[in-house]
Amino acid sequence: MKRCDWVTSEQLYIDYHDQEWGRPSRDDRHLFEMLCLEGAQAGLSWWTILQKRANYRRAFDQFDPWKIVTYDQQKIDRLLEDPGIVRNRLKIKSVISNAEAYLRIIESGQRFANYIWQFVDGEPIINHWHSGLDVPASTGISEQMSRQLKKDGFKFVGPTICYAYMQAVGMVNDHLVDCFCHPEITN
């Protein structure tokens, strides 16, 4: 079975590729979690974050934004001592800022999924890359998304992070054309 060339022999990576990456998600909580995890990944490998994902869920109350916005300095200090996550003060505080921004969107009467998916007009972009070298690090759409997310109070949402996020939650399908997960192969 042919997979994208970034997938290693690690079962966690295989499962992530086969079952999650590039598959459209419209679940608000999942979309929020993935935005925070992609921000945590900045400057690191996705493999590092994927291995710590269960720890992140535990440490950040299953990415419940209503709980996260209540975090005080004592909670931040505990997170900074947690070896199960990336102990970077700015990244930890960004999760709190992101929860605040997320709740502002929800409180405006909008679903987070609708807010996020507006950048691709509600439909996944299906690309036809032949090699991982062909896949861009960012696009005009991820730059637009980054600008809007920053304007709305989100942190660690540069254009490259936004593009990785778009790939992760299926807004963009960048499975290589010979990967068994590419839509033209699976249909």
Side-chain angles (χ1 to χ4, degrees), residues 1-65 68 82-88 91-92 94-95 98 102 112-113 116-117 119-120 123-139 141-142 145-146 149 154 156-187:
M1 182 177 315
K2 178 79 170 114
R3 291 183 171 88
C4 295
D5 54 16
W6 56 265
V7 181
T8 68
S9 62
E10 297 286 345
Q11 192 61 49
L12 183 61
Y13 234 11
I14 292 169
D15 291 345
Y16 175 70
H17 170 271
D18 294 359
Q19 299 167 19
E20 187 173 352
W21 192 77
R23 296 189 186 271
S25 173
R26 297 183 192 271
D27 177 88
D28 285 356
R29 180 78 62 90
H30 178 253
L31 291 168
F32 174 68
E33 172 185 337
M34 293 305 293
L35 187 65
C36 294
L37 291 175
E38 289 293 347
Q41 185 257 329
L44 304 168
S45 72
W46 178 245
W47 177 241
T48 299
I49 301 305
L50 193 57
Q51 289 178 297
K52 293 177 178 283
R53 189 178 195 180
N55 295 326
Y56 268 94
R57 287 175 173 160
R58 173 194 47 75
F60 287 97
D61 293 295
Q62 306 303 313
F63 288 95
D64 181 338
I68 293 170
D82 188 335
I85 66 170
V86 175
R87 295 177 287 183
N88 175 298
K91 289 180 180 182
I92 289 169
S94 77
V95 175
N98 290 350
Y102 172 95
F112 188 66
I116 284 297
W117 277 85
F119 297 101
V120 293
E123 293 297 323
I125 296 169
I126 311 297
N127 287 315
H128 297 85
W129 310 118
H130 293 275
S131 161
L133 299 174
D134 298 333
V135 181
S138 65
T139 64
I141 294 172
S142 74
M145 176 189 275
S146 172
L149 289 173
F154 291 91
F156 280 90
V157 289
T160 301
I161 289 171
C162 284
Y163 194 71
Y165 174 71
M166 291 169 69
Q167 292 171 311
V169 301
M171 294 170 68
V172 173
N173 189 310
D174 275 347
H175 284 285
L176 301 181
V177 292
D178 61 350
C179 173
F180 85 97
C181 290
H182 192 278
E184 292 176 3
I185 292 178
T186 57
N187 291 336

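Values below: every heavy atom of this structure, side chains too, minus hydrogens, waters and symmetry copies.
For W129, the side-chain hydrogen bond (donor to acceptor under 3.5 Å, both in side chains) partners are D174, not counting sequence neighbours. Scored by the side-chain hydrogen bond (donor to acceptor under 3.5 Å, both in side chains) test, R29 finds no partners at all (sequence neighbours excluded).
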Distance-only donor-acceptor hits, side chain of residues 4-14, under 3.5 Å, sequence neighbours excluded:
{"residue": "D5", "atom": "OD2", "partner": "G132", "partner atom": "N", "Å": "3.1"}
{"residue": "T8", "atom": "OG1", "partner": "E10", "partner atom": "N", "Å": "3.2"}
{"residue": "Q11", "atom": "NE2", "partner": "D15", "partner atom": "OD1", "Å": "2.7"}

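Within the 4.5 Å cutoff, no side-chain heavy atoms of I125 are placed close to those of M171. The shortest distance between side-chain heavy atoms of N173 and P183 falls below 4.5 Å. Residues V135 and Q167 meet the side-chain proximity criterion, which asks for heavy atoms closer than 4.5 Å.
Looking at S146, its side chain does come within 3.5 Å of a backbone N or O of V157 through a donor-acceptor pair. Under a 3.5 Å cut-off, the side chain of K91 and the backbone N or O of A40 do form a donor-acceptor pair. For the pair H182 (side chain) and N127 (backbone), a donor-acceptor distance under 3.5 Å is present. Side chain of D61 to backbone of D64: no donor-acceptor contact under 3.5 angstrom is found. Looking at S138, its side chain never comes within 3.5 Å of a backbone N or O of T160 through a donor-acceptor pair. The main-chain N or O of V177 is never found under 3.5 Å from a side-chain atom of K2 such that the two would form a donor-acceptor pair. A donor-acceptor pair under 3.5 Å is formed between the side chain of W117 and the backbone N or O of S25.
By the 30° and 60° cut-offs, the orientation of the rings of Y102 relative to F112 is tilted.
Closest heavy-atom contact between G22 and H175: CA-NE2, 4.2 Å. Taking every heavy atom of both residues into account, R23 and D18 meet most closely at NH2-O, 2.6 Å.
Comment: D82 does not engage R87 in a salt bridge, judged by the lack of any side-chain N to carboxylate O separation of less than 4.0 angstrom.
The CH2 atom of W21 lies 15.0 Å from the CD atom of Q19; values are rounded to the nearest 0.5 Å. Atom CZ of F154 is separated from atom SG of C162 by 10.0 Å, given to the nearest 0.5 angstrom. Taking CD of E20 as the start and CG of L50 as the end, the distance is 8.0 Å to the nearest 0.5 Å. One distance of note links CD1 of I85 with CZ of F60; it measures 4.5 Å at 0.5 Å rounding. Atom CD1 of I116 sits about 9.5 Å away from atom CG of D28, to the nearest 0.5 Å.
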